[in-house]
Amino acid sequence: MKLVLIQILLIAVVIVVVARLFRSRGARAQAIRRLGLVLFAAFAVVSILFPEVWNRIAHVVGVGRGTDMVLYALVVAFLSFTVTTYLRFRELETRYTKLARRLALDEAAMTRPPSASGGDLGDVLDEPGGGD
C-alpha cells in the first residue's frame, strides 16, 4: 500500500481535530457526540487509505461514483448537524427566556412594597386567573 502525500495530510488533519476535541472539557452528555466523532474520524482515515471503499458503497446503493456518494454522505451529515444545532439553540433560548422571566419576577418582588393583603407577587401569579 502506497501512501500519497494528500492521504498523510488528511489523516494528520483528522488526528488534530480529534485531539482538539478531547482537550476540551464538557458535560457527560457530550460523550455520545464524542464517540460519534471518533467513529467518523476512524471512517475518514479508512476512506483516505482505501478510497475505493466509496466506489463499492456507491455501487451497492446504486450511485454511479464514489465521489458522488461522499457528497451525499456530507449533505446528510451537514443536515443532521444543522438540525441538532437548531434544536440545541432552541432549547437554550427557552431556558434563557424562563430564566429572564424568573429574574424579572424576583426583582419585581424585591422592589415592590408588600400589598395591604400581605401577599407578594408570587402569590398573585400562583392564584388561578392571576397574573394573566
Side-chain angles (χ1 to χ4, degrees):
M1 176 176 74
K2 178 183 168 188
L3 286 179
V4 182
L5 179 61
I6 190 67
Q7 290 175 319
I8 294 170
L9 288 173
L10 289 171
I11 290 171
V13 168
V14 169
I15 291 171
V16 167
V17 168
V18 171
R20 171 128 169 80
L21 172 74
F22 281 114
R23 280 193 312 183
S24 65
R25 301 284 181 233
R28 212 170 71 173
Q30 291 180 346
I32 294 174
R33 277 184 262 157
R34 288 181 177 179
L35 181 61
L37 183 63
V38 169
L39 291 174
F40 180 78
F43 191 69
V45 169
V46 170
S47 297
I48 292 166
L49 293 174
F50 307 104
E52 66 276 358
V53 168
W54 283 107
N55 285 329
R56 291 187 202 131
I57 294 171
H59 290 296
V60 167
V61 297
V63 177
R65 301 180 304 169
T67 54
D68 293 336
M69 187 65 208
V70 170
L71 175 65
Y72 300 150
L74 288 175
V75 166
V76 169
F78 175 74
L79 287 175
S80 64
F81 171 77
T82 303
V83 168
T84 303
T85 303
Y86 168 75
L87 292 174
R88 196 173 336 144
F89 280 134
R90 192 174 71 176
E91 178 187 341
L92 284 173
E93 197 172 74
T94 302
R95 290 174 65 190
Y96 288 146
T97 301
K98 288 179 181 178
L99 177 63
R101 288 178 182 162
R102 182 76 259 159
L103 286 172
L105 291 173
D106 289 348
E107 287 177 7
M110 288 178 15
T111 59
R112 184 171 178 248
S115 64
S117 66
D120 64 0
L121 186 60
D123 293 337
V124 172
L125 291 177
D126 291 338
E127 293 175 7
D132 288 350

Calculate, to the nearest 0.5 Å, the distance between atoms [atom1] and [atom2] belonging to [X] and [Y] respectively.
X: Glu107; Y: Met110; atom1: CD; atom2: CE; result: 6.5 Å
X: Glu93; Y: Thr97; atom1: CD; atom2: OG1; result: 6.0 Å
X: Thr94; Y: Leu99; atom1: OG1; atom2: CG; result: 12.5 Å

Counterpart residues, side chain to side chain contact (heavy atoms under 4.5 Å, CB included), relative to Val61 (two or more places apart):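 For Val61 the side chain to side chain contact (heavy atoms under 4.5 Å, CB included) partners, ignoring immediate neighbours, are Val63, Met69.
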List in chain and number order the residues that pass side chain to side chain contact (heavy atoms under 4.5 Å, CB included) with Leu92, two or more places apart in sequence or in another chain; answer none if no residue qualifies.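 Leu92 satisfies side chain to side chain contact (heavy atoms under 4.5 Å, CB included) with Phe89, Arg95, Tyr96 once adjacent residues are dropped.
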ILVMFWY cluster membership beyond Leu71 - transitive side-chain contacts under 4.5 angstrom: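 Hydrophobic cluster check, Leu71: joined to Val75, Leu79.
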For residues 50-67, which residue pairs qualify under salt bridge (Lys or Arg N to Asp or Glu O under 4.0 Å), counting only residues two or more places apart or in two chains?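 Salt bridge (Lys or Arg N to Asp or Glu O under 4.0 Å) check on residues 50-67 returns Arg65-Asp68.
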With salt bridge (Lys or Arg N to Asp or Glu O under 4.0 Å) as the rule and sequence neighbours excluded, what pairs involving residues 38-50 come up?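 For residues 38-50: none.
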Would you call Ile11 and Leu49 a side-chain contact if the rule is heavy atoms closer than 4.5 Å?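 They are in side-chain contact.
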Atom pairs and distances, side-chain donor-acceptor, residues 35-42, under 3.5 Å, sequence neighbours left out:
none

Let me check something: do Ile57 and Leu74 share a hydrophobic cluster, defined by ILVMFWY side-chain heavy atoms less than 4.5 Å apart, either directly or through other members?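 Ile57 and Leu74: one cluster.
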